[in-house]
Amino acid sequence: MKKKTTGFYVLVEFKADPTIIRKFELELRRDEKVMRFLTTVLDKHSIAYADRRRKGEFNKKSRS
């Protein structure tokens with residue numbers, strides 16, 4: 001994008017009232033350092049997966 005060859009990706013999980021999310025998105029739009037963003041709602045399966053990921057269940061090596 002715009003001849004950039006590097007960048008950073010950030011994942012932020014949070015719970016908030018919809019009015020706060022609108023304000024948050026407005027601030028992201030105003031920040032010229034933020035080129036793109038995506039706000040989504042997690043369903044129950046995604047929430048369960050995220051909890052397991054935070055606990056490190058997917059990084060554990062099995063012992064043989």
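- The side-chain heavy atoms of Leu26 and Arg30, taken from C-beta on, include a pair separated by under 4.5 Å.
- Annotation: Arg53, atom CZ; neighbour count of heavy atoms from other residues, nucleotides and ligands within 6.0 Å is above 12.
- Atom CD of Glu13 is separated from atom CG of Asp51 by 8.0 Å, given to the nearest 0.5 angstrom.
- Take Phe37 and apply the side-chain contact (heavy atoms from CB on, under 4.5 Å) test, not counting sequence neighbours, and it matches Glu25, Leu28, Arg29, Val34, Thr39.
- Glu57 contributes atom CD, which lies 10.5 Å from atom OH of Tyr49 (distance to the nearest 0.5 angstrom).
- Taking NZ of Lys15 as the reference point, atom CD1 of Ile20 lies at 16.0 Å (rounded to 0.5 Å).
- Tracing side-chain contacts under 4.5 Å through hydrophobic residues (I, L, V, M, F, W, Y), one reaches Val10 starting from Phe24; they form part of the same cluster.
- Following chains of ILVMFWY side-chain contacts shorter than 4.5 Å, one can reach Val12 starting from Ile21, so the two form part of one hydrophobic cluster.
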